[in-house]
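Each ligand, and each atom within it, is numbered from 1 in the order the structure gives.
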Amino acid sequence: MAKIKQSPNRYKKSEALFKRALNLMPGGVSSPVRSFRSVNLSPVFIREGQGARLIDVDSNSYIDYVMSYGPLILGHAHAAVQAAVAKQMSRGASFGCCTEEEIQLAELITQAMPNVPMLRFVSSGTEAVMSTIRLARAATGRPMIVKIAGGYHGHADTLLVSAGSGATTHGVPSSPGIPSEVTANTLVIPFNDTAAAEKIFAEFGPRIAGIFLEPIMGNIGVVPPNAGYLPLLRQLCSQHNCLLIADEVMTGFRVAHGGAQKLFNVEPDITCLGKIIGGGLPVGAYGGRADLMQQVSPAGPVYQAGTLSGNPLAMSAGIVTLRLLQADNVYPQLESLGAALQAGLEAAAESADIPLVVQRCGSMITPFFVRDAASAKAGVRNYADALACDTGRFAAFFRLMLESGIMIPPSQFEAWFISLAHTVEDIDITIKAATKALKAMTA
Ligand code: HOZ
């Protein structure tokens, strides 16, 4: 493989900031995936984002596909979101009291998601997941939670086992600091494996409180469910009187207005949300059947609380975002941009003779650097398939794309996100950069 040269001085200010950051924050970052460690670079520090573009502190400009890992479906600094947040800010940032904005956002979500007639706002996806685990155990009186290998549900102790996203990227899919007693009740099964799901229920059925899953896996890269897989899980949960829990933090309002559950016509008992519903501000929510949600305090005994829960700034950004997503052309536009990017990446890989599997669901997309033609044909169906990818090749691709002004997530095990601010021209530029990068990697 050709040696990839980095342009000297291109990231000078970022590098200086990173040196300062390293003395102040572990690894110099506020979240591990940002560190660029797995692609052997120091991170780029961002000065601003506008539309589909990012500008770093050295004034390099990028077409962005990180998009803050999903929330920015309207693009960076969208005028309507800015106006809503500024208006709310002029009235106060947080009250610790009820606001009408919580109701407005809750109504927008419940109207779009019939399986979520009642919900509780929290401040992050992790918090939504932690609270849901407690509710599932309380509602069923059972201890065990089934999760999918490579599924990532934030950093809640119970589910930080065989976890994707940054945990896999940085080689710690199960973290120290979590007593084995805490994860003794966590069962892990491979995605898209119906026999494994049936077996775990045959063995542990009466002790299982629920299955937690991303209906479309997004934290090992994008892996859609096989036909029949989600209906089977629904059937097993109903048969064994436990809860089907959909983590739609990433897919909610992303793959369809009603999320993956609408796309695949599956009815979860509880849904976790985050990202898009906060329009780029910190938010999370969990919701589902009213008989379950009524068990949450103060309506019921399951305690969960938060000073910044339902924060008015996040609510305002979420309201305007979800309203704009009601327009008819939104999801067709995202689909068409996604399809164009997928076709362009596939053609680029073919012309460079690099085995690449591009998997996509609407505006979530991941090119997987599989090792051979047979794996390319089989596709990436689960965590084991994703782990088998050539992360060295991905790292080389990442560095070349960055140099060409394309910001993709710095890990093979993440989804790229397309927004409504991306244009056909942005997609064309990205395909040209990928074609050049893949050619350079084989030169
Ligand atoms: N779920 C996000 C990426 N897969 C989280 C981003 C982060 O960990 O910072």
Side-chain angles (χ1 to χ4, degrees), residues 21 25-39 43-46 49 54 64-73 122-130 132 147-157 159-175 191 212-223 246-255 259-260 271-278 280-286 359-361 363-368 380 383 386-387 389 391 394 398 407-419:
M25 295 177 278
V29 295
S30 298
S31 189
V33 295
R34 295 175 202 173
S35 69
F36 285 23
R37 198 177 271 216
S38 66
V39 290
V44 165
F45 281 64
I46 301 303
L54 280 181
D64 185 20
Y65 293 94
V66 177
M67 298 311 282
S68 193
Y69 290 95
L72 302 178
I73 195 162
V122 290
S123 295
S124 70
T126 295
E127 214 186 318
V129 164
M130 282 165 50
T132 300
K147 82 167 289 262
I148 304 291
Y152 180 71
H153 307 281
H155 55 91
D157 282 1
L159 298 183
L160 204 55
V161 175
S162 192
S165 189
T168 288
T169 304
H170 297 286
V172 284
S174 303
S175 172
F191 194 54
F212 239 100
L213 90 161
E214 303 163 78
I216 300 161
M217 293 194 78
N219 286 286
I220 53 170
V222 177
V223 181
D247 181 341
E248 294 231 47
V249 168
M250 196 180 269
T251 52
F253 295 89
R254 163 63 61 183
V255 293
T271 299
C272 295
L273 293 166
K275 301 200 191 263
I276 287 176
I277 65 161
L281 274 77
V283 83
Y286 62 106
Q359 296 193 173
R360 180 179 71 83
C361 213
S363 56
M364 290 168 61
I365 184 167
T366 301
F368 287 98
V380 174
Y383 190 36
L387 285 178
C389 288
T391 51
F394 173 84
F398 174 89
M407 178 71 76
I408 61 173
S411 164
Q412 172 67 92
F413 310 112
E414 298 288 355
W416 306 12
F417 296 97
I418 300 166
S419 76

Asker: For residues F36 and V44, report the shortest heavy-atom separation together with the two atoms involved.
Answerer: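 Minimum heavy-atom separation between F36 and V44: CE2-N, 3.7 Å.
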Asker: Check each N or O atom of ligand 1 against all protein N or O atoms and list the pairs under 3.5 Å, with atom names and distances to 0.1 Å, one per line.
Answerer:
| residue | atom | partner | partner atom | Å |
| --- | --- | --- | --- | --- |
| ligand 1 | 1 (N) | N219 | OD1 | 3.3 |
| ligand 1 | 4 (N) | S165 | OG | 2.9 |
| ligand 1 | 4 (N) | N219 | OD1 | 2.5 |
| ligand 1 | 4 (N) | E414 | OE1 | 2.5 |
| ligand 1 | 4 (N) | E414 | OE2 | 3.4 |
| ligand 1 | 8 (O) | S31 | OG | 3.3 |
| ligand 1 | 9 (O) | S31 | OG | 2.5 |

Asker: Heavy-atom count check: over 12 atoms from other residues, nucleotides or ligands less than 6.0 Å from R360 CZ?
Answerer: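 Yes, because the 6.0 Å sphere around CZ of R360 holds more than 12 heavy atoms from other groups.
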Asker: If you round to the nearest 0.5 Å, how far is CE of M364 from CE of M67?
Answerer: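 Here the rounded value is 14.5 Å.
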Asker: Can T168 and Y152 be said to form a side chain to side chain contact (heavy atoms under 4.5 Å, CB included), step by step?
Answerer: CA-CA 9 Å; T168 288; Y152 180 71; over 6 Å; no
Asker: So, E414 versus S165: side-chain donor-acceptor pair below 3.5 Å or not?
Answerer: yes
Asker: To the nearest 0.5 Å, tell me how far F368 CZ sits from F413 CZ.
Answerer: 8.5 Å
